[in-house]
Each structure stands twice: as C-alpha cells, then as structure tokens.
Amino acid sequence: MSIILPELEIVDRNTHSVRYLEHGWPTKLCRWHSHKEYELHLVTQSRGKAFIGDYIGEFTPGTLYLTGPNLPHNWITDDVDTPIEVRDMLVQFGAQAIDRLALAFPEFGDFRPMLQMAQSGIEFVGFNPRFAQGHLEAIRDSHGPERIVAFLRFMTRINEHAEKKVLSVMQITQPEGNSKHARIGEVIDFIVKNFAEEISVDSAAKMAGMSPTTFSRSFQTVTGHRFIEFVTQVRIGQACSMLYSTDEQVSSICFGVGFQNLANFNRHFLKMKNMTPSEYRDIARNELARSGGMV
C-alpha cells in the first residue's frame, strides 16, 4: 500500500502571533504538509500545481490562497531552468487570536464566515496580485503592533473580495448561527460520516425537522449547493482521499463511496476535478512523491 501522508509542521509563535515567511524554489520547505495555523499564501512567480486537501489545480503568478488548520497543502512548480529566489510570500496565524480579537471587538467577527470556508481552502480569484504583494510586504517590514495592524488591514481586504473559490471537501465544518443553521449542520455532519449510505432529500429533511421544500431551500442558502450536489461533492472528495492514499481499484472506490455505477462516478469525477480518477491518482502520487510527500 502506498500512503501519502502530510508532514506535521510545528509553527513557533511564542514571540509573534503573526508569522511572516518567504522562500524560493526549489526548497525543502515545499512539501506535502499541514499545521494547526491558518496560512495566507501568495505565489509570486512560476506556474505549477496546487495541492490543497483533495484539490488539485493550476496556479500562476499572483494566485492567492487561504488554508485552514490541519489542511494538507503544497505548491509544486513546473520544471524551471533556473532557481527562483522568491516564489512564495505567506503569513501564518492561529485561530485563537482571531477569536479573542472578536471578543474584544465584535466587528472582527465578520472574518468568521471566511475562516470557516478556509477549512476547505480558498482561492481568491481575481485578487490584484500587486495589491496582495504590497500588503504582505507591509507585514514583512513592520514589527510589534504595526505588524498586527498591517495583517488585519489585509484580512479586511480579502474578506471584502467577492470571488472566493472553495477548493477541497476534505474538511467541512458545521455552520454556526440560529437553530435552523444548527439543524442543517447536523445533516452535514451526518453526510460526511455516512457518505456511502443512500441519503435522500426527504430523509435529510426529516432529520432536520423541516419539510422537503423548506429544507432544500435552507440547505442551499447555508452551503451554497443543492442537496444532491453536496452529497456528490462529499463522495468525490472521499474518493480523492482514497485514490492517493490506497491502492484500491477505481471501481472498488466508486462503490465504496456510495455511487451505484462506475460510469456515473467517472462522469461526476471528471466534471468536478477536470480529470479522470486514474489521472488524479497518477498526478497526486507522482507530484507529491517528487516533492517528498510520499512515505
């Protein structure tokens, strides 16, 4: 069995609540890894593949990401002739700092929806790369309270950005809010834990104590997806994890995550990932192994 496991990184934040880091390519810092901190990450040069949870996609200069706690990630540049001095600019920060800030200043609670989305990774599509680099340089070049002010200014700007693309379904958090949201959250939790079971809209609505019509409307409002789409997304996400972490046949994985036939599985996988399951497995294993992610 070939298992691709993320290396656990311990971030030292004893003296800095916001850690700034930049590095080039190639470097040993670029590997399949995870840590308990959020990471706001700008790729300044080169093109290649982004691996975030079960997501595989292309990055180009200026692509900006936010990853949540314990979400594995890596960015692998396509072959280049000469080393790159600075390819990545990033900041890492802990969830508790934002929570405590929101207790003191309720306005910072506006960050919470974005941070919940970051549990699955966010790409800020179309965010001005010069703007992002300027903010990160301000964080890099400041110290003490000035660094925190610069960081919060950048967080405010990305929070205001309209096009946030959620990348992975590896981690899904329950929505917070009123009782209706909490009931939807219970259904989400059930889907994630029982993705292989037959789950209908009627049974999910009954679980939430709502009519099917009210449930469907509420579910799409909370998650941004229709119910069947969401179940399919979770199943494909689980299939991705199995494709790169086990040697099981694609057909076995298909039925194991709840699909009834291979053709339907392949069709949904191709639609969501823009590649076949076999291509996904080959890319994940070859690229992550090349970067030191295979153990």
Taking every non-hydrogen atom, the tightest pair across [X] and [Y]:
X: Met117; Y: Ile122; value: CB-CD1, 3.6 Å
X: Met242; Y: Val257; value: SD-CG1, 3.8 Å
X: Gln45; Y: Val86; value: NE2-O, 3.1 Å
X: Phe51; Y: Ala284; value: CE2-CA, 3.9 Å
X: Ile139; Y: Arg147; value: O-NE, 3.0 Å
X: Val250; Y: Pro277; value: CG1-CB, 3.9 Å

Whether the side chain of [X] engages the backbone of [Y] through a donor-acceptor N/O pair (distance < 3.5 Å, no angle test) should be reported.
X: Thr44; Y: Arg87; answer: yes
X: Thr214; Y: Ser211; answer: no
X: Arg19; Y: Gln92; answer: no
X: Ser34; Y: Pro72; answer: no
X: Arg47; Y: Asp78; answer: no
X: Glu186; Y: Ala208; answer: no
X: Lys164; Y: Asn159; answer: yes
X: Asn194; Y: Phe190; answer: yes
X: Arg281; Y: Thr246; answer: yes
X: His23; Y: Lys28; answer: no

- Query: Can you check side chain to side chain contact (heavy atoms under 4.5 Å, CB included) on His268 and Ile236, steps first, answer last?
  - Reply: CA-CA 8 Å; His268 282 294; Ile236 294 296; 4.2 Å; yes
- Criterion side chain to side chain contact (heavy atoms under 4.5 Å, CB included) on Ile148 and Val18, from CA distance to verdict: CA-CA 7 Å; Ile148 305 305; Val18 174; 3.8 Å; yes
Are [X] and [Y] linked, directly or through other ILVMFWY residues, by side chains that come within less than 4.5 angstrom of each other?
X: Leu103; Y: Ile98; answer: no
X: Val125; Y: Val43; answer: no
X: Met275; Y: Phe259; answer: yes

- Message: Could you go through Met114 and Met155, starting from their C-alpha distance and side-chain angles, then the distance that decides it, and tell me whether this counts as side chain to side chain contact (heavy atoms under 4.5 Å, CB included)?
- Response: CA-CA 10 Å; Met114 177 177 68; Met155 288 287 287; 3.8 Å; yes
- Item | Steps toward side chain to side chain contact (heavy atoms under 4.5 Å, CB included) verdict (Leu40, Leu90) | CA-CA 5 Å; Leu40 186 55; Leu90 59 109; over 6 Å; no
Straight-line distance of [X] [atom1] to [Y] [atom2], nearest 0.5 Å:
X: Ile56; Y: Ile76; atom1: CD1; atom2: CD1; result: 9.0 Å
X: Phe127; Y: Glu163; atom1: CZ; atom2: CD; result: 13.0 Å
X: Leu21; Y: Glu39; atom1: CG; atom2: CD; result: 8.0 Å
X: His41; Y: Phe59; atom1: NE2; atom2: CZ; result: 8.0 Å
X: Gln96; Y: Leu101; atom1: CD; atom2: CG; result: 13.0 Å
X: Trp32; Y: Ile52; atom1: CH2; atom2: CD1; result: 8.5 Å

Is any side-chain heavy atom of [Y] closer than 4.5 Å to one of [X]?
X: Ser216; Y: Arg226; value: no
X: Asp88; Y: Trp25; value: no
X: Cys240; Y: Tyr55; value: no
X: Leu42; Y: His135; value: no
X: Asn266; Y: Thr276; value: no
X: Leu167; Y: Tyr65; value: yes
X: Thr63; Y: Thr60; value: yes

- Message: So for atom CZ, which belongs to Arg267, do other residues, nucleotides or ligands contribute more than 12 heavy atoms lying within a distance under 6.0 Å?
- Response: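 Check passes, neighbour count above 12.
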- Should the heavy atoms of other residues, nucleotides or ligands under 6.0 Å from CD of Glu248 be counted, would the total exceed 12?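 Result for CD/Glu248: enclosed.
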- Message: Going by the rule ring-ring contact (aromatic ring centres under 6.0 Å, His included), which residues pair with Phe108 if we only count those two or more places apart in sequence or in a different chain?
- Response: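 Listed in chain order: Phe111.
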- Task: Measure up the Phe93 and Tyr38 rings against each other and bin them: parallel (under 30°), tilted (30 to 60°), perpendicular (over 60°).
- Result: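 If you compare the ring of Phe93 with that of Tyr38, the planes turn out parallel.
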- Message: Tell me whether the rings of Trp75 and His73 are parallel (<30°), tilted (30 to 60°) or perpendicular (>60°).
- Response: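 Tilted.
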- Message: If the threshold is 4.0 Å, N to carboxylate O, is there a salt bridge linking Arg157 and Glu160?
- Response: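 Answer for the salt bridge query: yes.
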- Between Phe227 and Phe215, does the ring centre distance come in under 6.0 Å?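 For Phe227 and Phe215, the ring centres are under 6.0 Å apart.
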- Which pairs, with at least one residue in residues 132-145 and sequence neighbours excluded, count as a salt bridge (charged side-chain N to carboxylate O under 4.0 Å, His left out)?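 Qualifying pairs: Glu22-Arg140.
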